[in-house]
Amino acid sequence: MTSDPDLKSGERIAKVIARAGLASRREAEAWIAAGRVAVNGAVIDSPALNVTAADRVSVDGAALPGRERTRLFLYHKPRGLLTARVDPRGRPTIFERLPPHLPRLISVGRLDFNTEGLLLLTNDGALARVLELPATGWLRRYRVRAHGTVNQAQLDQLRKGVTISGIRYSAIEADLERVQSSNLWLSFAIREGKNREVRNVLGHLGLTVTRLIRVSFGPFQLAELEPGAVEEVPTRVLREQLGDKLGALSAADFSSPIAATPPPQREPRNLPKLQNFREPRTPREPRKGAAPSETTGSKAKERKSSDHAWRAHEADLTTKKLRRKFHGDQRGTDKRQRPAGELRSGLLQERKGRPVAVERYGRPPAPQPRREPREEPRKEPRRERHQERREKRPGKFTRAPGRNRSPDRASGPRPRQPRGGK
C-alpha cells in the first residue's frame with residue numbers, strides 16, 4: 001500500500017475556508033458540493049482534499065482571503081439568547097446581537113437559552129475544539145440559585161461522580177453558599193461540558209434551578225463585564241494562558257496580521273419630503289450685451305447693514321420704501337389721540353417706594369371732605385360684665401357652701417406632676 005505525502009500535508013479544504021472566516025465547515029462542504037470552490041483554477045466537488053499555502057483557493061471566482069491571527073473574545077451572554085448561528089424556531093441568537101465590526105466567530109461550547117454568564121468566542125475552530133475537550137482540564141465555575149433543600153453532605157457526594165439516566169458525570173465541586181427561606185445559592189465547578197449537566201445533577205438532588213450564571217472558564221473571568229458586552233483578550237495574554245501544549249494542539253497562529261473589517265454601511269433613512277423646501281439657486285448667467293460686473297477681478301463692494309433684517313438696505317432702494325404692515329385687529333384701529341386738558345407733572349411711588357415722575361392731563365379732581373371716624377361703643381371691662389351676669393343669675397356663678405378652698409393650697413392652677421412619678 002502506497003501513501004501519498006501530499007495527502008498528509010496541509011489541511012482540509014473545508015477547514016481552510018472556515019479558518020478564513022467565510023463560513024463554517026458544514027457550509028464550506030455545501031459550497032464545495034455546489035461547485036462554488038476551485039483549487040488552482042479547477043473546480044472541486046469533494047471536500048476530501050488537503051491544500052497547502054502554495055495552493056490557490058477561490059470561492060465564486062474570488063480569491064480566498066489570507067489567514068487571520070488567532071483571536072479570543074469574552075462575551076457576557078444574557079438570558080433569552082440561543083448559542084447558535086440560526087434557529088429554525090426563530091428565537092434570537094447571540095450572533096445577531098454581536099457588534100458588526102467583529103470577524104466571523106464561533107463559540108467555545110454552548111450555554112442554554114436561559115443560562116447567562118461568560119461565553120468564549122474565537123475565530124479559530126481548532127482552538128475552540130481543543131478548549132472544549134474534557135482532557136484540557138479547564139475548570140468551569142457557575143453560581144446557581146435553586147429552589148428546594150439540600151445539605152453540604154449531599155453535595156460532597158458529587159465529588160465522586162454520579163450516574164443519572166445512564167449518563168456518567170465526572171467529579172463535581174459543589175458548595176452551599178447561603179440559604180434564603182426556600183431558595184439557596186450554590187457554587188458549582190465542573191471540568192466537562194455535557195448537555196444541561198448542572199440542571200440534571202441538581203434535579204437528581206431534588207432541586208429546581210431558577211438561575212444559572214457561568215462566572216469563569218479556565219483562567220478567564222466574567223468579572224465586571226456588562227451583559228451583552230464583548231471584550232477581546234490580548235494576544236500576549238492568550239499565548240501565556242494557552243501555553244506551549246495547547247498552542248501546539250490547536251496550531252494557533254499568533255504572528256499573522258489581523259484582517260481589517262470594513263465598517264458597516266448605514267442604509268439611508270427615508271426622510272419625509274419637505275413641502276416648502278427650495279433647491280439652492282444657481283448663479284445666473286450674465287445677459288447678452290450686459291456690462292461686466294464691477295466686482296469682477298476686485299474686492300466685492302461692502303454694503304451697510306441695517307439694524308433690522310426686514311429693513312436692510314432700505315436706503316439703497318430706488319423704489320417705494322418698505323413699510324411694515326399690520327394685519328388683523330390693528331388694521332382698522334384709529335390712531336391713539338392725546339386726552340384733552342392741560343399737561344401737568346407729578347410724582348408717584350412704585351412698589352418699592354421709589355418716586356417716579358409722571359405726566360397727567362386735565363384738572364386734578366376736587367378734594368373730598370374728610371370723614372370723621374365713627375365712634376364705636378366702648379366695651380365694658382370683663383370684670384364688670386361678669387358681675388352683671390352674677391346679678392342676673394345668682395345661683396350659677398356662686399361657690400357652693402362647704403367647698404371652700406383648702407388653706408394649704410396656693411392660688412393658681414394645680415402644678416402637673418411628671419408621668420410615672422409622685
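Since the structure is predicted, the reported quantities are computational estimates derived from the model, not experimental observations. Computed over heavy atoms, backbone and side chain alike; hydrogens, waters and symmetry mates excluded.
- Nearest heavy atoms, Pro99 versus Val230: CD-CG2, 4.1 Å.
- Looking only at side-chain heavy atoms (C-beta outward), Ile94 and Leu82 stay at 4.5 Å or farther from each other.
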| task | Determine, step by step, whether Thr235 and Leu72 satisfy the side-chain contact (heavy atoms from CB on, under 4.5 Å) criterion, reporting the C-alpha distance in whole Å, the side-chain angles of both residues, the deciding distance to 0.1 Å, and the verdict. | result | CA-CA 8 Å; Thr235 303; Leu72 186 69; over 6 Å; no
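- The pair Arg143-Glu177 counts as a salt bridge, with a side-chain nitrogen and a carboxylate oxygen less than 4.0 angstrom apart.
- Taking 4.5 Å as the limit, some side-chain heavy atom of Phe220 sits within range of a side-chain heavy atom of Leu120.
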| For Asn114 and Leu212, what are the C-alpha separation, side-chain angles and deciding distance, and is it a side-chain contact (heavy atoms from CB on, under 4.5 Å)? | CA-CA 8 Å; Asn114 291 324; Leu212 183 58; over 6 Å; no
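- Considering all non-hydrogen atoms of both residues, Gly80 and Pro92 come closest at O-CG, 3.5 Å.
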| query | What do the steps show when you test Val233 against Phe73 for side-chain contact (heavy atoms from CB on, under 4.5 Å), and what is the final call? | reply | CA-CA 6 Å; Val233 179; Phe73 297 85; over 6 Å; no
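- Looking at heavy atoms from C-beta onward, Leu127 lies in side-chain contact with Leu242 at the 4.5 angstrom threshold.
- Checked by atom type and distance alone, the side chain of Lys15 never pairs as donor or acceptor with a backbone atom of Ala126 at under 3.5 Å.
- Panel note: side chain Gln152, backbone Ala174; a donor-acceptor pair is recorded below 3.5 Å.
- Distance check, rounded to the nearest 0.5 Å: NE2 of His204 to CD1 of Ile164 gives 5.0 Å.
- Within a 6.0 Å sphere centred on CZ of Arg159, heavy atoms belonging to other residues, nucleotides or ligands number more than 12.
- Under the 4.5 Å side-chain criterion, counting only non-hydrogen atoms from C-beta, Arg85 is in contact with Ile106.
- Looking at Trp31 and Val59, their side chains come closer than 4.5 Å, going by heavy atoms from C-beta outward.
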| request: Report the C-alpha distance between Arg141 and Asp175 in whole Å, list the side-chain angles of each, state the deciding distance to 0.1 Å, and finish with yes or no for salt bridge (charged side-chain N to carboxylate O under 4.0 Å, His left out). | output: CA-CA 11 Å; Arg141 295 188 178 275; Asp175 295 319; over 6 Å; no
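- Looking at heavy atoms from C-beta onward, Ile44 lies in side-chain contact with Leu49 at the 4.5 angstrom threshold.
- Side-chain atoms of Leu238 and Phe254, non-hydrogen and from C-beta on, do get closer than 4.5 Å to each other.
- To the nearest 0.5 Å, the span separating CZ on Arg239 from CG on Asp244 amounts to 10.5 Å.
- Summarising the geometry, atom CG belonging to Leu133 is positioned 12.0 Å from atom CD belonging to Glu192; distances are rounded to the nearest 0.5 Å.
- In this structure, Asn151 contributes its side chain and Gln154 its backbone to a donor-acceptor pair below 3.5 Å.
- Nearest heavy-atom pair across Tyr142 and Val215 is N-CG2, 4.3 Å.
- Between Thr70 and the options Asp124, Asn123, Thr122, Asp253, a side-chain hydrogen bond (donor to acceptor under 3.5 Å, both in side chains) holds for only Asp124.
- Checking side-chain atoms of Asn200 against main-chain N and O of Arg196 turns up a donor-acceptor pair under 3.5 Å.
- At most 12 heavy atoms of other shown residues, nucleotides or ligands fall within 6.0 angstrom of atom CZ in Arg236.
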| query | After noting the C-alpha distance and the side-chain angles of Ile13 and Ile32, does the key distance pass the side-chain contact (heavy atoms from CB on, under 4.5 Å) rule? | reply | CA-CA 9 Å; Ile13 180 65; Ile32 295 172; 3.5 Å; yes
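- More than 12 heavy atoms of other residues, nucleotides or ligands lie within 6.0 Å of CZ in Arg91, so this atom counts as buried by the packing criterion.
- In terms of heavy atoms, Leu118 sits closest to Leu111 at O-CD1, 3.6 Å.
- Among Arg214, Arg145, Arg211, the one residue that satisfies the salt bridge (charged side-chain N to carboxylate O under 4.0 Å, His left out) test with Glu116 is Arg211.
- Taking all atoms of both residues into account, the shortest heavy-atom contact from Glu29 to Ala14 is CG-CB, 3.8 Å.
- A side-chain contact (heavy atoms from CB on, under 4.5 Å) with His76 holds for exactly one of Leu225, Ile213, Leu119; it is Leu225.
- For the pair Arg79 and Phe113, the cation-pi test (distance below 6.0 Å, angle within 45°) is failed.
- The heavy-atom pair separating Leu184 from Thr149 by the smallest distance is CD2-CA, 4.2 Å.
- For the residue pair Thr136 and Arg191, no side-chain donor N or O sits within less than 3.5 Å of a side-chain acceptor on the partner.
- Note that the CG atom of Leu131 and the CG atom of Leu249 stand 10.5 Å from one another [nearest 0.5 Å].
- A distance of 12.0 Å separates CD in Glu132 from CH2 in Trp138, rounded to the nearest 0.5 Å.
- Side-chain contact between Val198 and Thr115: absent, with no pair of heavy atoms (C-beta onward) separated by less than 4.5 Å.
- Judged purely by atom type and a 3.5 angstrom limit, Asn183 has no side-chain atom pairing as donor or acceptor with the backbone of Gln180.
- Here Ser182 contributes atom OG and His147 contributes atom NE2; the two are 4.5 Å apart, rounded to the nearest 0.5 Å.
- Using a distance-only test at 3.5 Å, with no hydrogens or angles considered, a donor-acceptor pair links the side chain of Lys77 to the main chain of Asp112.
- Salt-bridge check for Arg104 with Glu27: passed, with a basic side-chain N closer than 4.0 Å to an acidic carboxylate O.
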